Each structure stands twice: as structure tokens, then as C-alpha cells.
Amino acid sequence: MAVQSFLALVVTETEDQQFIREIKARTPQDLPAGEVLIRVKYSSLNYKDVLSAIGNKGVTKRYPHTPGIDAAGVVEESRSPEVKFGDEVIVTSYDLGMNTPGGFGQYIRVPGAWVVKLPQGLSLRESMIYGTAGFTGALSVYRLMTYGVTPDQGKILVSGATGGVGSIAVSILAQEGYQVTAVSGRESTRDYLLELGAQEIISTEAATDTSGRPLLGAQWAGAVDTVGGPLLATTIKSVQYGGAVTCCGNVASPDLPLSVYPFILRAVTLMGIDSQNCPRPTRVQVWQKLAGPWKLSHLDRLATETTLEGLDQQIDLILQRRHQGRTIVRLPE
Ligand SMILES: NC(=O)c1ccc[n+]([C@@H]2O[C@H](COP(=O)([O-])OP(=O)(O)OC[C@H]3O[C@@H](n4cnc5c(N)ncnc54)[C@H](OP(=O)(O)O)[C@@H]3O)[C@@H](O)[C@H]2O)c1
């Protein structure tokens with residue numbers, strides 16, 4: 001193998017359970033066994049990476065660890081029939097960046113089954129503007145559409161709309177002709193959300209019922225939820241007869257304070273979204289949509305680009321709820 005050592009962001013746990021982030025030299029021997037060695041060109045920063053970087057043991061059990069659940073790069077070595085030397089590829093989710101060294105390093109080694117060839121129509125950089133968050137936003141929209149929610153049925157609510165998943169979901173829905181109502185806890189994000197294509201913006205308070213009533217006035221044909229908790233419960237109680245809601249995240253809360261009435265009186269459907277173990281045929285189909293019919297004309301405007309050195313600051317921005325859109329990481333050449 002040509003490479004002797006490479007750079008990676010390494011999170012280390014100290015004896016007093018503090019977690020420090022440093023850029024360190026790693027060697028290929030630090031990587032696990034696997035069929036495909038990839039030279040990472042771009043990665044991206046997701047909420048899960050932030051959890052891994054601050055020592056959340058629900059995401060990463062063992063430290064020292066290199067986070068990064070997304071990676072796009074070029075195959076250096078392959079024993080997989082799916083890809084060969086020089087192929088441009090994407091790896092998102094599975095265990096990458098959780099307990100497998102992830103995309104915040106110049107090299108990753110993974111099983112062949114995790115690797116997807118870069119679809120025609122996307123560059124490596126663009127694929128990471130989507131990344132896991134964008135893929136999840138797209139998967140949420142895909143599920144609503146295949147369920148049968150159409151633009152003429154009414155408005156679609158998107159929560160956490162300024163975030164990675166929400167920004168991409170708002171953008172695809174708007175581009176596909178849906179009327180989107182975006183929820184944000186920050187007044188300052190209004191122009192950004194309008195630019196993505198939202199027609200209406202409501203505050204987190206306005207979107208969160210405090211009356212405790214089991215059903216609320218029917219407002220939404222469907223919804224993409226990324227936050228969970230009382231906001232998701234309010235959304236489900238406010239969906240019109242036969243509508244559907246996707247659920248992928250828990251930035252607000254993992255709880256769902258709800259009765260069964262929206263399901264048994266309004267025939268509302270709640271759809272779970274999991275990108276991590278999404279079956280390969282669906283995974284490939286959604287990536288092809290992102291590279292083709294759903295490719296966003298304003299994709300580049302969603303991205304803030306950083307480096308391994310800049311990651312620390314970007315992680316803090318997410319923790320302080322001061323970011324918007326997607327943060328991509330350019331690995332050193
Ligand atoms: N199931 C899956 O496969 C999958 C895949 C990817 C992500 N996820 C999950 O989806 C969620 C969103 O991910 P992301 O990458 O989009 O995160 P993100 O970029 O951090 O965005 C989350 C957004 O939620 C809003 N928010 C933050 N705290 C909130 C609170 N307490 N109450 C209400 N809204 C709040 C913020 O918007 P405002 O400040 O504008 O309100 C923020 O922009 C996370 O829980 C993540 O783990 C799941």
C-alpha cells in the first residue's frame with residue numbers, strides 16, 4: 001500500500017470523562033478490516049457526528065474515535081466485485097463514523113456492501129452537500145410520495161426546516177410543486193427558508209400545541225418531522241384525514257406524547273425513516289433521484305465548506321443552534 005500515514009480528526013476520552021478533539025496522524029493499521037479502501041475527498045457534518053464528537057455513548061461506544069458518518073472519495077484498493085480502483089464512490093450511514101472510523105479522516109476502509117457508486121450527474125462535493133441528512137430528507141419525501149400524498153391535497157409541514165434534513169426536504173418538496181410550511185425556532189432564518197421554496201414559516205411555539213386536546217384542526221396533507229417530542233405530536237394531531245407524517249429525528253425529544261385518536265379517527269399514518277440500514281435498492285434509487293430529477297438548482301447555496309481544522313467551530317455552531325443548511329468537509333489532498 002502506498003499510504004503510510006494520514007490525517008484524521010480524533011476524539012479522545014480523558015480519565016475524567018472529558019472528550020477532546022485533535023487532528024492526528026493515523027496509519028492504515030488503525031483502520032478495520034474491510035474490502036474497500038477509500039481516499040476520502042469530502043465528508044459532511046451531521047447531527048449524529050456532533051453527538052459522536054462530544055462523547056455520546058449512544059452513538060459511539062469506544063474512543064479514541066474518528067467521527068464522520070458520510071464520505072465521498074476514490075477507491076484505492078478493492079476486493080469487492082461492486083467497485084474497482086479509481087471509482088468515485090459514496091459511503092453513508094451503516095456503522096461508518098459511529099464505531100467504525102469515519103469520513104473525518106483522509107482514508108476509510110469499509111465492507112463492499114456499504115459502498116455506492118457516485119451516480120452520474122453528481123460530483124463528489126455535491127454528494128456530500130446532500131450527505132446522510134440530505135439523503136434522509138429525500139427518503140422522507142420519497143416515502144410521502146410513494147404513500148400517495150400529492151401536491152393538490154394541501155400543505156406539507158416540515159419541522160427543523162433550517163437543518164440539514166429539513167433544508168433538503170423543503171427544497172425537494174417545493175421543487176416538486178408542494179406548498180411547504182416550514183417550522184423554525186429562529187425569526188432570523190425567514191429569508192433562507194423562503195429562498196429554499198417554503199411558502200409559509202411558522203415558529204416552533206405556534207407549531208406546538210399546549211392544550212392537550214387529542215385532535216386539532218386538520219391543516220396538513222402530510223409532514224416531514226425531524227425533531228420529535230410535542231411538536232411531532234401536535235403535527236400528527238393536525239394532519240387531515242388519510243394524511244401521512246414521516247419521523248426521522250429527535251433533536252427536540254425522543255418522546256411522543258400522543259393518544260391513538262389521530263390514527264383511529266383520521267386514518268393518519270406515521271412512517272418511520274431510517275437511513276442507516278435503508279435497503280440497497282431504495283438507497284440507490286433515492287441517490288439517483290438526487291442526482292437527476294430532484295437535483296436542486298440551489299444545491300451549492302445550502303453548503304458551508306470547512307476543513308478538518310474548521311470542524312471544531314462548526315460542531316459548536318450546531319450545538320448552539322446557530323447553523324443552517326449543510327456543512328461539508330474538504331479533506332486535505
Ligand atoms: N433516521 C435517520 O436515518 C436520520 C438520518 C439523519 C438525521 N436524523 C436525525 O434527524 C434530526 C435532524 O438532523 P439534521 O442533520 O437535520 O440536524 P440539524 O442540522 O442540527 O437541524 C436540526 C434543526 O432542528 C431545529 N431544532 C434544534 N433544536 C430544536 C428543538 N429543541 N426544538 C425544535 N427544533 C429544534 C433547528 O432549527 P431552528 O433552530 O431553525 O428551529 C435545527 O436547524 C436529528 O435528530 C438527526 O439525528 C435521522
Side-chain angles (χ1 to χ4, degrees), residues 43-54 56 58-60 67-70 92-98 128-143 157-172 181-194 196 198 201-209 223-235 245-256 270-279 282-283 286 302-304 314-328:
S43 180
S44 88
L45 182 60
N46 294 273
Y47 190 71
K48 210 183 241 179
D49 300 317
V50 174
L51 296 178
S52 173
I54 62 172
N56 183 308
V59 175
T60 299
I69 64 171
D70 287 337
T92 59
S93 310
Y94 296 107
D95 190 53
L96 188 72
M98 293 180 68
M128 288 294 100
I129 302 179
Y130 289 120
T132 290
F135 176 85
T136 305
L139 184 60
S140 305
V141 174
Y142 176 84
R143 293 290 307 279
L157 187 78
V158 179
S159 65
T162 55
V165 178
S167 292
I168 302 284
V170 169
S171 304
I172 296 172
T181 299
V183 185
S184 172
R186 291 173 283 166
E187 177 60 31
S188 58
T189 60
R190 189 174 177 80
D191 289 348
Y192 171 74
L193 291 168
L194 290 174
L196 299 190
I201 293 125
I202 58 175
S203 68
T204 307
E205 291 72 41
T208 310
D209 174 63
V224 172
D225 182 81
T226 71
V227 305
L231 204 161
L232 172 57
T234 305
T235 305
V245 179
T246 64
C247 161
C248 74
N250 58 355
V251 282
S253 166
D255 298 331
L256 191 52
L270 179 60
M271 303 194 282
I273 300 293
D274 170 47
S275 59
Q276 193 180 349
N277 295 303
C278 173
T282 310
R283 190 179 286 266
V286 170
L302 294 178
T304 301
Q314 295 299 327
I315 288 168
D316 288 342
L317 284 180
I318 291 188
L319 287 170
Q320 294 156 13
R321 206 169 161 180
R322 285 171 50 216
H323 79 300
Q324 61 188 30
R326 297 277 300 134
T327 301
I328 56 169

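Just so you know, ligand 1 is whichever comes first in the structure, and atom 1 is the first atom listed for that ligand. These numbers were taken from a predicted model, which means no experiment stands behind them. We're numbering straight along the sequence, starting at 1. All heavy atoms count here, side chains included; hydrogens, waters and symmetry mates do not.
The distance criterion of under 3.5 Å between nitrogen or oxygen atoms is met by N250 with respect to ligand 1. Not a single N or O atom of V183, backbone or side chain, sits closer than 3.5 Å to an N or O atom of ligand 1. Between G185 and ligand 1, a contact under 3.5 Å exists for at least one N or O pair. Annotation: S275 places an N or O atom under 3.5 Å from an N or O atom of ligand 1; distance criterion only. Of the polar atoms of R186, at least one N or O is found under 3.5 Å from an N or O of ligand 1, judged by distance alone.
The heavy atom nearest to atom 23 (C) of ligand 1, out of those in G228, S184, S188, G160, is found in G160. Comparing I273, L193, T136, I318 by heavy-atom distance to atom 1 (N) of ligand 1, the nearest is I273.
In summary, the atoms of ligand 1 found under 4.0 Å from a heavy atom of H323, numbered by their order in the structure, are 18 (P), 19 (O), 20 (O), 43 (O). If you number the atoms of ligand 1 from 1 as listed, the ones under 4.0 Å from a heavy atom of A252 come out as 30 (C), 31 (N), 32 (N). Each of the following atoms of ligand 1 lies closer than 4.0 Å to a heavy atom of G249: 9 (C), 10 (O), 11 (C), 45 (O). Those atoms of ligand 1 with a heavy atom of D274 less than 4.0 angstrom away are 3 (O).
Nearest protein heavy-atom contact of atom 16 (O) of ligand 1 is V165 N, 2.8 Å. Counting protein heavy atoms only, atom 21 (O) of ligand 1 is closest to G163 CA, 3.1 Å. Nearest protein heavy-atom neighbour of atom 47 (O) of ligand 1: Y47 CD2, 3.6 Å.
Contact annotation for V227 and ligand 1: only side-chain heavy atoms (C-beta onward) come within less than 4.0 Å of the ligand. Counting heavy atoms under 4.0 Å from ligand 1, residue T162 touches it through both backbone and side chain.
The shortest heavy-atom distance from R321 to ligand 1 is under 4.0 Å. The shortest heavy-atom distance from R326 to ligand 1 is not under 4.0 Å. Taking 4.0 Å as the cut-off, L231 does not count as a neighbour of ligand 1 on heavy-atom distance.
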